[in-house]
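So the structure is just underneath, and the comments pick up after that.
Counting starts at 1 for both ligands and their atoms, following the listed order. Worth saying up front: this structure is predicted, and the values here are computed from it rather than measured. Side-chain atoms are counted along with the backbone in the values below, which use heavy atoms only and exclude waters and symmetry mates.
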Amino acid sequence: MQYETISVTQPDNGISLITVNRPKKLNALNKNTINELHEAFKTAEGNPEVKVIILTGVGEKAFVAGADISEFANYNQVQGEELAAKGQRLLFDFIENLSKPVIAAINGFALGGGLELAMASHFRIASATAKMGLPEVSLGLIPGYGGTQRLAQLVGKGLAIEMITTASMIDAQKALDSGLVNHVVPTDQLLETAKSIAGKITKNSPVAISAALKAINANYQKTTNGYDVEIKAFGACFATQDFKEGTSAFLEKRKANFSGQ
Ligand code: COA
């Protein structure tokens, strides 16, 4: 299949590489990219020759710099809620519940939806220059693609709250120390390292790996669904003046001045 915003390699020794390819927008996720990624993961899931998927971004600057802010800056509460719900269903939950391991190779900025995409993957490897964060509150928003849930699962509640409320980025070493990524390597060794780990996975039983992923994920399914709470709270942000101010300020390349309304 021909894609516009991503590229996908044919499986090579069981490993397929999916690359987000919008370099001029730092690989930000627009609707088309989300749909194309969904299609690519669905195809990989159904192809018995694919045993492991590596997900990365084109170039050395960005893995994915977030959801495409220009696309949702004029959304209202209902549209905001739909954006989060659809994205979670089509891509983020879809990846987490895939029967094949997905390794995120973080080659630069992984911010907002970009870090959420890396966190929905089964584990992460970062280049030494990568930077990660969930800066949504600087736009008058909260993470809406599972970030409030998965960041706390990976790094613990305290650091997750600090990262989300300060909107700050952490570097690759801090991400390694906090368990957000499993390995940090020089940029030119990132894909090689991801492929070497993927190669170890391909030697094992796909049926058993699928069962293991299912069992590990089961631990995170609780009666109060934090992902649903996140979707509602994300949607509610779209009814605030702070959201209008935050997204306008980004698009107008100025500092936001929040009124708290
Ligand atoms: N959505 C839409 N466009 C984005 C984007 C996003 N999340 N992230 C970057 N871009 C665009 C910029 O608007 C710019 O486009 P332009 O050249 O048409 O003006 C282009 O990508 C390059 O980004 P720029 O900001 O000029 O690069 P930089 O090196 O100065 O800064 C970042 C890099 C990552 C720090 C900065 O782009 C940024 O803060 N991005 C937004 C991150 C964010 O808030 N993500 C969460 C979204 S919910």
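- There is no protein heavy atom less than 4.0 angstrom from atom 17 (O) of ligand 1.
- Between F72 and F243, the ring-plane angle classifies as parallel under the 30° and 60° cut-offs.
- By the 4.0 Å N-to-carboxylate-O rule, K24 lies too far from D68 to be salt-bridged with it.
- Considering only non-hydrogen protein atoms, atom 38 (C) of ligand 1 sits nearest to F250 CE1, 3.8 Å.
- Near K61, the atoms of ligand 1 lying under 4.0 angstrom from a non-hydrogen atom of the residue are 27 (O), 28 (P), 29 (O).
- Within the 4.5 Å cutoff, the side chain of L115 has no heavy atoms near those of the Y145 side chain.
- The shortest N/O to N/O separation between A65 and ligand 1 falls below 3.5 Å.
- Side-chain N/O atoms of N107 and E60 include no donor and acceptor closer than 3.5 Å.
- Counting non-hydrogen atoms of neighbouring residues, nucleotides and ligands closer than 6.0 angstrom, the CD atom of E49 reaches no more than 12 such neighbours.
- Across K253, E71, E136, heavy-atom proximity to atom 48 (S) of ligand 1 is greatest for E136.
- Checking only distances, I69 does come within under 3.5 Å of ligand 1, N or O to N or O.
- For the pair E81 and K232, the salt-bridge criterion is met [side-chain N within less than 4.0 Å of a carboxylate O].
- Between R254 and E245, at least one side-chain N (NZ, or NE/NH1/NH2) sits under 4.0 Å from a carboxylate O, which counts as a salt bridge.
- Proximity to D68 (heavy-atom distance under 4.0 Å) selects the following atoms of ligand 1: 1 (N), 2 (C).
- Among protein heavy atoms, the minimum distance from atom 44 (O) of ligand 1 is reached at P135 CG, 3.5 Å.
- Numbered from 1 in the order shown, with element, the atoms of ligand 1 that lie under 4.0 Å from a heavy atom of L111 read 34 (C), 42 (C).
- Of all protein heavy atoms, the one closest to atom 33 (C) of ligand 1 is L26 CD1, 3.6 Å.
- In this structure, CD on Q221 lies 6.5 Å from CG on N97, to the nearest 0.5 angstrom.
- Shown here, atom 36 (C) of ligand 1 is out of close reach of the protein: none of its heavy atoms lies under 4.0 Å off.
- For ligand 1 and K24, the ligand atoms under 4.0 Å from any heavy atom of the residue are 20 (C), 21 (O).
- Between S70 and ligand 1, no N or O atom pair is found at a separation short of 3.5 Å.
- Note that atom 26 (O) of ligand 1 has no protein non-hydrogen atoms nearby, at separations under 4.0 angstrom.
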- Taking it one step at a time, do I15 and I54 satisfy side chain to side chain contact (heavy atoms under 4.5 Å, CB included)? CA-CA 7 Å; I15 304 167; I54 298 172; 3.7 Å; yes
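- Distances from atom 29 (O) of ligand 1 to the protein include at least one heavy-atom value under 4.0 Å.
- Closest approach of L98 to E45, counting heavy atoms only: CG-OE1, 3.2 Å.
- Counting only heavy atoms, the protein gets under 4.0 Å from atom 23 (O) of ligand 1.
- Two residues are said to be in side-chain contact when any heavy atoms from C-beta on lie closer than 4.5 Å; F92 and M119 fail this criterion.
- By heavy-atom distance, the residue among K25, E116, M169 lying nearest atom 11 (C) of ligand 1 is K25.
- Atom CD of Q10 sits in a sparse spot, with 12 or fewer heavy atoms from other residues, nucleotides or ligands closer than 6.0 Å.
- The heavy atom nearest to atom 6 (C) of ligand 1, considering only G66, G246, A67, is found in A67.
- Of all atoms in ligand 1, listed by their number and element, those nearer than 4.0 Å to a heavy atom of A28 are 1 (N), 6 (C).
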